[in-house]
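The chains referred to below are lettered A, B, ... by the order of the sequence lines, with proteins before strands, and numbering in each begins at 1.
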Amino acid sequence: MLTIHNTLTRKKEEFKPIHPGEVRMYVCGPTVYDYFHIGNARSFIVSDFIRRYLEYKGYKVTFAMNLTDIDDKIIRKANAGNIEAKEVAETFSAAFFEDIAKLKIKKATIYPKATEHIQDIINLIKKLEENGYAYNIDGNVFYNVKKFTTYGKLSGKNTEELESGSRVEINEAKRNPLDFSLWKKAKEGEPYWESPWGAGRPGWHIECSAMSCKHLGETFDIHAGGNDLIFPHHENEIAQSEAATGKKFVNYWLHFGFLNIENEKMSKSLGNFFTARDVLKRYSAEVIRLFFSQTNYAGPLNFSDDLLSGAQKGLEKITNLAEKLDDELKAGRPSGIEIDFDFAKFYADFEAAMDDDFNTSQASAVIFDFVRAVNKVLAENSEAGKRFFEKAKEYLAKTAEGVLGIVDFSSLHGDDSKSLENDLIELLLNLRIEAKKEKNFALSDKIRNELTALGIVLQDGKDKTTYKKVKAE
RNA sequence: GGCGCUGUACCCAAGUGGUUAAGGGGAAGGUCUGCAAAACCUUUAUUCGUCGGUUCGACUCCGACCGGCGCCUCCA
């Protein structure tokens, strides 16, 4: 039984989809004004864990992630570079897709863009106007928060306190400081669209209400995003959607913890961030994913080089086994002897972990347990047969690769094995073997040391020497 | 001030009202090896921020206190 911690109720609840066998989920995506940082990546990767696990369980998942392609930051960047907002959005949308592909994040079913849903947004605002939840002041349309009596139910805030503690700008023509923009009147030099209220552009929150409704329905299963979106963004989405439809907006709300640097939230405004693409230059997607999987999605997580390289070391354990299994099978492992191994237990443990509010930390521990158990079998049974190798590989393929994405069987030996460079290395290795046969260890060590200095690490096996290229620096 | 999260070994980090408190890194020992490295195996918290309470029994529930963080303004 899958349980999910629901921000709305602050409890773990059994997950029951609206349509049996099907899950519709929405995750707040990027504002495409810059490269996303590794903290943003955590949200995308955690969403990916969730989506993949739901699919593992057999659900048909419809997953929408919006791209906010019109907003203040985009406009600012466009003006600074003297280019069109559209150009900024296109550049960084493309970068976004490149980066999530490198992080081995499965593509969402749909990536709706705000600018392609202007009519849907206008219709939604009209509906809110009709229902008395929106008011127009000189071409700026605001949401009347007072009218929505359950405002604050997601974030646990009450409107009285919000007003007194409000730091919201006061100079706007709003009736109430809590009211927020649905439609912003166009200012000089800004992109705009025509609307019943004049030229302008959508407010930030309205696009998610409009697009989720269009692509997932008026009520859908899961809505997720970073902790900082709980208020006001998600609170406002609920206010908009429920006031328009009169129906419950979302059944399960999930929120992700932040990635911190030295215990402080990583953010663009603090300047303490690394872009995902920079981190990817130093660590593989699998390392980053394992690192994120080793802690609960809801809590804070510190980001540092030490921590990442720890994850890298750990990942090697899994990768080594994956390689061994893969190699043996490709080399035609003989039928050998049958091994009595309780695969079902490891599947059950993995599922129990993930069923418990997507406990990836526990799930990755199960995978490490599995790796140790399989290694032990292999150490004790050199005759272990093909069947065992197949089943072990299948396990890793379904869990470590399929759900967590911390193994990629298709790129285990990512080497361009036909290059001249590799031929030369082979040549040296053969010379070294000759030297070793003649007990000329001075020479064999010299070859090893000099190759190591070039970033090629030799590993003497029982009957062959293998090598690994270590990235320079 | 309001709302929420959090404090588990050297570091990161799961977890449970009572049986052996996961897993990863690190460290130590071992197997293998000409020596290394790698790989694999083994070991590594009588204890879970502090102090009280509930309980036959709490690290787990409750309360207070101390510490860290986030949101309340754009933010994953």
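- Taking the ring-ring contact (aromatic ring centres under 6.0 Å, His included) definition, one finds that A/F92 meets it with A/Y35, sequence neighbours left out.
- Every ring-ring contact (aromatic ring centres under 6.0 Å, His included) that A/F97 has, sequence neighbours left out, goes to A/Y111.
- For A/V457, taking side-chain heavy atoms from C-beta onward, the closest of the listed nucleotides B/C72, B/A37, B/G34 is B/A37.
- If you measure from atom CG of A/L259 to atom P of B/C5, you get 21 Å, rounded to the nearest angstrom.
- For A/N66 and A/E207, the side-chain atoms include at least one donor-acceptor pair closer than 3.5 Å.
- Nucleotide B/G63 forms a Watson-Crick or G-U wobble pair with B/C51, both donor-acceptor distances falling under 3.5 Å.
- Checking the phosphate oxygens (OP1, OP2) of B/G70, no side-chain nitrogen or oxygen of A/N260 falls inside 4.0 Å.
- Contacts with RNA chain B (heavy atom under 4.0 Å) in residues 296-304 of chain A: A/N296, listed by number.
- B/G29 is paired with B/C41 under the criterion used here, namely a Watson-Crick or G-U wobble arrangement in which both key atom distances are under 3.5 Å.
- Panel note: side chain A/K174, backbone A/D179; a donor-acceptor pair is recorded below 3.5 Å.
- Residues meeting the salt bridge (Lys or Arg N to Asp or Glu O under 4.0 Å) test with A/K157, sequence neighbours left out: none.
- Judged by distance alone, the side chains of A/D305 and A/Y283 do bring a donor and an acceptor atom under 3.5 Å apart.
- Stacking is not found between A/F44 and the pyrimidine-like six-membered ring of the B/A76 base under the 5.5 Å centre-distance and 30° plane-angle cut-offs.
- Remark: A/D306 engages no residue in a salt bridge (Lys or Arg N to Asp or Glu O under 4.0 Å) (not counting sequence neighbours).
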Identify each atom pair where a protein N or O and an N or O of nucleotides 39-41 of chain B are less than 3.5 Å apart, giving names and distance.
| from | atom 1 | to | atom 2 | distance (Å) |
| --- | --- | --- | --- | --- |
| B/A39 | OP1 | A/E316 | OE1 | 3.4 |
| B/C41 | OP1 | A/R372 | O | 3.3 |

